[in-house]
2 protein chains.
Amino acid sequence: MAHFAYYSEENYLKALYKLEQKGTRKLTNAALSKMLDLNPATVLEMVRKLEARELVSLLPDRSIQLTNTGRQKALVIIRKHRLWEVFLVDKLHYNWNEVHELAEQLEHIESADLVDRLETFLGFPAFDPHGDPIPDKEGHLKVLQSIPVTDCTPGKNYLVQHFAETSDAFLDYLQQVQVKPGIRLQVNGINAFDRSFNVSVGKRNMVISEKVAANILVLPEGANQ
Amino acid sequence: MAHFAYYSEENYLKALYKLEQKGTRKLTNAALSKMLDLNPATVLEMVRKLEARELVSLLPDRSIQLTNTGRQKALVIIRKHRLWEVFLVDKLHYNWNEVHELAEQLEHIESADLVDRLETFLGFPAFDPHGDPIPDKEGHLKVLQSIPVTDCTPGKNYLVQHFAETSDAFLDYLQQVQVKPGIRLQVNGINAFDRSFNVSVGKRNMVISEKVAANILVLPEGANQ
DNA sequence: ATCATTTATTTGGTATCCCAAATAAATGAT
DNA sequence: ATCATTTATTTGGGATACCAAATAAATGAT
């Protein structure tokens, strides 16, 4: 365990990914320096190291491009960051706006499976407290075609995929009514009065509030993946 | 937020504290080098920095001594380490022997209150999964005179201090029966047949198993702290 | 007290990651 | 196209934290 675990590398990759996502077509040294609040000389030096590690490519027009490996590494860090944020908010009751700095530190903890266990412990949240999606184990941010139960077509079969809300209260509720990822769900009807939903979950029929329905995300059964 | 948060300093202080606890009377450069598995030259250099920071004193006989500040800092780190270990074992279901390396990383997360929140979340465990006591918020490792309920004198009043076991199952049980730190407890009698305990907790009477009794640690009411 | 061994210290390096200031190259506005 | 501005790059440093090898000092065994 090298005393120094490329803490910086991870920050550079994350920043590059964020710039990429923001739609910046040409990732420049200047943009990266500004984002990381570092001297351009520092950034250039580091970017060259990243190139040697095959995490970025330096194109002929001197723009910086994440390689697939680099992008995947970035996504793994973002996964860690977001899962830790969920932990801080849901379990340690931080406010969603207080957790960023802490997650910045926690995301660098290196372990083969700590974050996977954390994910299980948290109930496989799909989104972090800011509503950003959490990449999966392999670092894929599949833009899942999951929809809230509120958008389901009555009579059609769905599979519960994940949950938009991950508070203790909601997770307790879900456990109580035995709703968890993978279970079959069908909307039978909506009560016009309070907009509550009559649903079949597994083999049981139950009524859930609109709020609950909005936070259960499902996938049409048979959808690819 | 300096990019580098004296990660090493904390390791040195912790190592010195451990040597101190082991009863080593003279903390030498050699002993510290061996414990940290670092070159003596490195250690000497670092120890001098620690002296400049007033965390250790270098005595005339060249032995190294933690200052009060240094010792307290060490205890704060040990507190963090042990609380994270409890988290990893109780919540993420690691085996007690798998958590050390991870806790070595997590203990360096710096935050004014993260670990205090973690402590609350974990139910104020008194010991880490290895059975070592967890220092309090101020870094005091008060050798508390708390005793298990199994050692209580029947009829005498006690206050629940903390718990030896911190598994989910046990904590769930405690919450169910509303036993938490600070509540008054009295042993009314012991059932000879199964060694279960008749106790008063707060205003209620209940029966707890010997196993539960052994894991509830109490302080005689009125004991000085 | 002497000699060998152990411990402490000095010296000259290394790696990571950062900076300021100078220079070179590219870009953009007229 | 020219000049000013913005970028990129080079150069020379700095801090932290580590090492190996040489030297000095202390310790211990006889």
Side-chain angles (χ1 to χ4, degrees), chain A residues 1-16 19 22 24-65 70 73-74 77 104-105 107-110, chain B residues 1-16 19 22 24-65 70 73-74 77 104-105 107-110:
Chain A
M1 190 184 10
H3 241 128
F4 210 115
Y6 293 107
Y7 196 99
S8 280
E9 172 182 294
E10 304 194 337
N11 289 331
Y12 279 80
L13 294 177
K14 209 175 45 163
L16 282 168
L19 285 172
K22 260 209 312 195
T24 322
R25 54 259 110 97
K26 202 182 158 189
L27 301 186
T28 62
N29 189 326
L32 190 51
S33 306
K34 200 181 163 193
M35 164 146 276
L36 289 166
D37 194 24
L38 291 174
N39 191 292
T42 302
V43 171
L44 181 64
E45 189 188 23
M46 189 64 183
V47 162
R48 282 173 176 163
K49 281 182 196 163
L50 294 179
E51 194 194 21
R53 293 173 200 158
E54 296 184 51
L55 299 171
V56 304
S57 317
L58 289 172
L59 304 189
D61 69 341
R62 274 158 307 140
S63 69
I64 307 158
Q65 200 175 46
K73 266 204 162 188
I77 300 152
E104 289 279 300
Q105 292 184 62
E107 73 192 8
H108 298 296
I109 300 292
E110 53 175 324
Chain B
M1 187 185 16
H3 240 129
F4 211 115
Y6 294 106
Y7 195 99
S8 280
E9 172 182 295
E10 305 195 335
N11 288 332
Y12 279 80
L13 294 177
K14 209 174 47 163
L16 283 167
L19 285 173
K22 260 209 312 196
T24 321
R25 44 259 111 103
K26 203 182 156 188
L27 302 186
T28 63
N29 189 323
L32 190 52
S33 306
K34 199 180 162 193
M35 165 148 272
L36 289 166
D37 195 24
L38 291 174
N39 190 292
T42 303
V43 171
L44 181 65
E45 190 187 23
M46 190 62 183
V47 162
R48 281 172 176 162
K49 281 183 197 161
L50 295 179
E51 193 194 22
R53 292 173 201 159
E54 296 185 50
L55 299 171
V56 303
S57 316
L58 288 173
L59 303 190
D61 69 341
R62 274 158 306 141
S63 69
I64 307 158
Q65 201 176 44
K73 266 204 160 187
I77 301 152
E104 289 280 301
Q105 291 185 62
E107 73 191 7
H108 298 297
I109 301 293
E110 53 176 326

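FYI, side chains are in, hydrogens and waters are out, and symmetry mates aren't considered; it's all heavy atoms of this structure.
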Nearest atoms (heavy-atom pairs only) where B/Leu55 meets B/Lys73: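 So the two residues come closest at CD2-CD, 4.0 Å.
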Of all heavy-atom pairs between A/Met35 and A/Ala15, which one has the smallest distance, and what is that distance?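 In terms of heavy atoms, the two residues are closest at SD-O, 3.6 Å.
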Is there, by distance only and without an angle test, a donor paired with an acceptor across the side chain of A/Glu45 and the base of C/dC18 below 3.5 Å?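 Donor-acceptor pair under 3.5 Å: yes.
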I'd like to know if B/Asn39 reaches the base of D/dA20 with its side chain, counting only an N/O donor and acceptor under 3.5 Å.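 Check passes, donor-acceptor contact within cut-off.
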Report yes if at least one side-chain N or O of [X] is closer than 4.0 Å to OP1 or OP2 of [N]; otherwise report no.
X       : N      : value
A/Thr42 : C/dC17 : no
A/Arg48 : D/dT10 : yes
B/Tyr7  : C/dT16 : no
A/Ser8  : C/dC18 : yes

Closest approach to the side chain of [X], judged atom by atom: which nucleotide of [options] is it?
X       : options                : answer
A/Tyr6  : D/dA17, D/dA8, C/dT16  : C/dT16
A/Met46 : C/dC19, C/dC17, D/dA21 : C/dC17
B/Arg62 : D/dT9, D/dC18, D/dT27  : D/dT27

Tell me: [atom1] of [X] to [atom2] of [N], nearest whole Å?
X       : N      : atom1 : atom2 : value
A/Leu32 : D/dT7  : CG    : P     : 14 Å
B/Leu38 : C/dT7  : CG    : P     : 17 Å
A/Leu36 : C/dC19 : CG    : C1'   : 15 Å
B/Asn29 : D/dA26 : CG    : P     : 15 Å
B/Glu9  : D/dA17 : CD    : P     : 8 Å

Worked verdict on A/Gln65 versus A/Leu27 for side chain to side chain contact (heavy atoms under 4.5 Å, CB included): CA-CA 7 Å; A/Gln65 200 175 46; A/Leu27 301 186; over 6 Å; no
Indicate yes or no: at least one non-hydrogen side-chain atom of A/Ser33 is less than 4.5 angstrom from one of A/Val43.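 Contact flag for A/Ser33/A/Val43 side chains = yes.
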In the structure I gave you, are the side-chain heavy atoms of A/Ser57 and A/Glu51 within less than 4.5 Å of one another anywhere?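 Of all side-chain heavy-atom pairs linking A/Glu51 with A/Ser57, none is under 4.5 Å.
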Could you measure the distance from the OH atom of B/Tyr6 to the NE2 atom of B/His108? Nearest 0.5 Å is fine.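 Taking OH in B/Tyr6 and NE2 in B/His108, the distance rounds to 15.0 Å.
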Roughly how far, to the nearest 0.5 Å, is the CG atom of B/Leu32 from the CG atom of B/Leu16?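 Rounded to the nearest 0.5 Å, the CG-CG separation comes out at 4.5 Å.
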Can you tell me which stems DNA chain C forms when a stem means 3 or more consecutive Watson-Crick or G-U pairs under 3.5 Å?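 The stems that DNA chain C takes part in, listed by first number, are C:1-30 with D:1-30.
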Which residue, A/Pro40 or B/Lys49, contacts DNA chain D at a nucleotide closer to its 5' end, judged by nearest heavy atom?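 This one resolves to A/Pro40.
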Starting at the 5' end of DNA chain D, which residue's closest nucleotide do you reach first, A/Leu44 or B/Asp61?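 This one resolves to A/Leu44.
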Could you tell me whether B/Ala41 contacts a base, only the sugar-phosphate backbone, or nothing, with contacts defined as non-hydrogen atoms closer than 4.0 Å?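 It contacts base atoms.
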